[in-house]
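When a ligand or atom number is given, it counts from 1 through the structure's own listing order. What you see is a predicted model; the values in this text were computed from it and never measured.
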Amino acid sequence: MARAFRLKVVLSIFAGLGFVAGALADGETQPGRDAKQPIDEAYTAKMKQYTTESFFTSPLVDYLPASKTVPTPEAVLGDVAGAPGILPYAEDVYKYMRMLEKASPRVKVLSIGTTEEGREMIAVALSSDANLKKMEENRALLAKLADPRALKLNDAEADKIVAQAIPIYYITGTIHSPETGAPTALMELAYRLAVDESPYIKDIRDGMITLITPVVEVDGRDRMVDIYKWHLAHPGQNYPNLVYWGKYVAHDNNRDAMGVTLKLTENVMNTYAKWNPQVLHDLHESVPYLYDNTIGDGPYNAWIDPILADEWNLISGRNVADMTKFGMPGVFAHGDFDTWSPGYLMFIAALHNGISRLYETFGNGGADTLERTLEPEEFARTWYKQNPPLPKVRWSQRDNNNYEETGLLVSLHYFNENKRMFLKNFYLKAKRSVEKPKSEGPAAYVLPADDPRATVQLELLKVMQKQHVEVSRLTSATTIALPAKKEKKPKAGEKKAEKKEEKKDEKPEPTTKTFPAGSYVIRTDQPYSRIADALLDYQYWSPEDPQKTPYDDTGWTFGELYGVQVTRVTDAKILEAPMEAVKELSVAGGVKGEGTVFAIENHAEPVLASLRYKLKDVDMQAAEEEFEAGGKRFAAGTIVLKGTNRGQLDSATKELGLQPVAMASAPTVKMHPLRTARILLLHTWLSTQTEGWWRLTLDKLGIPYDYASTQTIAGTPDLRDKYDVILFPPVGFAGSLNNIVNGLPTDWGNPLPWEKTELTPNLVGKNDSTPDLRPGLSWAGVAKLQKFVKDGGVLLTVMDTAQFASQAGITTGVTSANSDKMKIVGSVVGTRLVDGASPIGYGYGEKVAAYCDNGPVFSLTSIAGSRRRRRLGPEMGERPTGRGSKNDPDFAVGRAGVEAVEEPESEVWEAPPVTDEQRRNNPRAIPPAMRARVVLRYADAKDLLISGLAQGGGEIAQHPAVVDAPLGKGHVVMFSINPVWRGETQGTYSLVLNTVMNFDSLNAGRKDAEK
Ligand SMILES: [Zn+2]
């Protein structure tokens, strides 16, 4: 009915005014300008001039309508959007959006928060005057669809809202700073939506609200514009690459939608949760010419609603079809982006009942017009790329803007045409999320009140709240039934009878579980249950999956990586248990008991290190053995404080959520001091991406550190004089020995400055600077590092920097090899505590879950400079050919048989024992006290995988995961796992922080130390 009516109206208008545009048979408005509305001739001519091929534009953007009252982007840019040589700062983009707001009632600018460096983030609402006037009213309607509990899940009530609500489509631009085109495209798009009277655009304006955050990574944008300006001022020279984007991380800012540690994620998340858009569409630029990776490739994230998968197909399929009809080459979907990880910004929508979308258009990393030559796989015609890009083209920022705007306009139009369906889907997805306990389950996740790692549990719950997940708390103890364990079918060849025999001695599995009052419950009968489920559940990526190149991490189970207890509860009875909603999360802290000495149990909580630095003058010691006090047992690693003021300790521990126990006297066991180590966080100029997560972590914990580059330390006279611990987090891409030492080539080319100048006022921020990015650590720097350790310093290395330490010869006794065929792609793996007496392992239990991304394979050696014993010929695994059966000794004719000396055996993670033959006159034989000490090892192959993908894990199984290698008076601590990653690995932070706090007592508890 509505459609037939609309069709008539459109047709009559067309007939009356003789538009170029017509109507499609099914009532959809055709794209094309309003012949009655004059165009901005000068602007349009320049757009045409900057478009390098006639087919790199469309009827939607090959003209700009004129307005007497509303300024075009030229007012701020000085030229048209996408003009060569022009990249606006975020401030200029905002200035323009606010000019639009002033000039047109169809534009409203909302401030949505600030960045780490204090820059503003905005969202611009574009719609008809009438729609914007009732934005708040409409917000209330959409909120009911988003949380259908308000409608008692009544479909008829929902339909009433679906029929009248105005949907919202949220577009976010330039989260990736070197992908520079979106801001100008979005400025011009905003102008079009405010001004254009063509029926196609009017449909969009009148039917829906378009919400635009033109710059997501604002700090990075301003740095990128600085770099571009430097480039323009130095023609013909190389220019610095963008080593810093935001304050902490670069490209990974689009992997933060799980942990929500960055302000940009939080601000977009809150905007999403406040306005309830149906789509979140994020703009990127790395693929020619428009890769709509909304549909992507498998495997799909296992927690999305299948309705979403259908929506991806609908909206993206139509997007490609429309642009293909315009004759624009290189527009495609599918591709090889898997949709597994929920870390992408757009995935906020996917797991909060909206629709996630992402474009990769083609960017030149600036506003230069360039000849671009593609790779064969880029221009090949494939089943999903029927009209592929051209092998070689001249490409401009304007071309990029044409593609971005055209794609967005056809998407907005299609979305508007089908808005009732999308609104209904939005409601249905939310309703199905609320119904989750009844459908697929689980009913809830429970985090018990008696988890010894209360402060880490708190951090996990905070993530839930940042994700807008509701958290409740049991008001009385509650018992639930555990799911019955399925009996595994015996594999072929295994005998059933034997299996049963084994089972006799086993204890029966418990069938119920009781959670104490105060336990936290994350109910899944809530609208955002899917994100909670996705983060807390386990992931399994099959080695047999057709997708062989995972796009990102494959596992992330938050309970495991945080090292806290999380129970997946399928028993719906939990939902009837007495509980209350938790608004403010907190952990009780403060001193208990009477006495002047205080003990704090060590459960590997990172805030223990915060306390160390907060009370920097207080005497803190670590007990090296367990002890009893007041009838309570304290494990090794317990922190003992003496001579502190109770009031001061009470207020500090209340703030941190720690509970010191007062005692009459100090324990008599062996203790060593915990000092406030002077920390240097070392970075390269190759990449600051991965170490950024380390800085963020230390800053959040209030742990002070110096921050300097490999160049700086190469020129520091005495490192040990200034520092106790040097943290050298992974470099990431390009972190080889050669690159770390040599940096970028300096024998040719020009210096690449990273400095604050008049031309580049935003470049440095709160990070580091250098007159030339190119030089690396240098061999002199390597020597400095080695001397630092020999003089008693601790160098903590991780993955590629551990490999660097081994290959550069800074350490002996640990070899580091790259895995051969292994594929552990950002997975959660099991490790085992080998040496709990090592201070690095304080507070940990036998099993520790850790993040591993094809970590280097460490092996220990007892002979300096060699991996294992040198053997010639084939391995003598079994007895040689000779007399007797398999286990009989051979004989030599003519003399009595002699039994062989038994070879000493060792575990995979251990240093092989030195034989008598090896020891004789061997300067390479490492004395036991100087051998590397394994703190954690990888689990056995069968127990290695916890979450994600582990293929060929046998290569790393049982090998050392965390090693303490002594050198001179100091230590090189080497990690094969990455203990600090994307705010997701709080469970392993203390391996680093223990190293820091115990830096001058790492030999504590060493069994062979005195030998
Ligand atoms: Zn990107």
Side-chain angles (χ1 to χ4, degrees), residues 87 90 93 115 121 170-186 212-225 227-228 241-246 248-258 262 264-265 268 280-297 316 330-350 356-367 372 374-375 378 389 395 397 399-401 403-405 407-408 549-553 687-690 692 732-733 826 982:
L87 280 192
V93 179
T115 66
M121 286 179 69
Y170 187 15
I171 302 163
T172 48
T174 201
I175 185 173
H176 282 166
S177 306
E179 301 164 16
T180 49
T184 49
L186 293 172
I212 295 175
T213 290
V215 183
V216 174
E217 175 58 274
V218 189
D219 300 334
R221 172 66 179 189
D222 286 0
R223 283 194 242 289
M224 184 64 204
V225 175
I227 289 277
Y228 187 65
N241 74 316
L242 200 65
V243 275
Y244 294 99
W245 299 11
Y248 293 112
V249 297
H251 190 269
D252 257 11
N253 60 9
N254 193 35
R255 301 294 185 275
D256 187 46
M258 290 195 261
L262 304 176
L264 61 85
T265 317
V268 171
L280 176 58
H281 189 155
D282 197 30
L283 302 179
H284 291 253
E285 294 162 32
S286 71
V287 180
Y289 301 124
L290 191 153
Y291 172 25
D292 179 349
N293 75 5
T294 300
I295 317 179
D297 191 5
S316 190
V331 179
F332 65 101
H334 296 288
D336 49 23
F337 170 79
D338 69 64
T339 309
W340 177 247
S341 162
Y344 315 105
L345 187 80
M346 63 160 172
F347 239 76
I348 290 173
S356 56
R357 296 200 69 198
L358 193 147
Y359 280 168
E360 296 283 3
T361 57
F362 199 37
N364 287 347
R372 298 293 303 268
L374 303 188
E375 301 282 334
E378 289 176 312
W395 185 259
Q397 173 111 317
D399 296 332
N400 183 26
N401 281 189
Y403 270 76
E404 284 171 315
E405 285 187 63
L408 289 169
T549 51
Y551 202 83
D552 205 74
D553 285 350
S687 165
T688 66
Q689 161 75 16
T690 309
F733 189 69
R982 295 180 177 171

Give the atom name of whichever N/O/S atom in H176 sits closest to the Zn ion (ligand 1).
->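 In H176, the N, O or S atom with the shortest distance to the Zn ion (ligand 1) is ND1.
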Write the atom name of the N, O or S atom in H284 that is nearest the Zn ion (ligand 1).
-> ND1
What about the rings of F337 and Y344, do their centers lie closer together than 6.0 Å?
->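 Between F337 and Y344, the centre distance is under 6.0 Å.
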Less than 4.0 Å between a side-chain N and a carboxylate O, is that true for R357 and D292?
->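 The answer is yes: the pair qualifies as a salt bridge.
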In terms of side-chain geometry, is the basic nitrogen of D256 or R982 positioned less than 4.0 Å from the acidic oxygen of its partner?
->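 Looking at R982 together with D256, the answer is no, because their closest N to O distance does not fall below 4.0 Å.
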Step-by-step side-chain hydrogen bond (donor to acceptor under 3.5 Å, both in side chains) determination, T213 to Y170 | CA-CA 8 Å; T213 290; Y170 187 15; 2.7 Å; yes
Check whether any N, O or S atom of H251 sits under 2.8 Å from the Zn ion (ligand 1).
->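 False for H251.
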Looking at the Zn ion (ligand 1), is one of the N, O or S atoms of E360 less than 2.8 Å from it?
->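 E360 does not place any N, O or S atom closer than 2.8 Å to the Zn ion (ligand 1).
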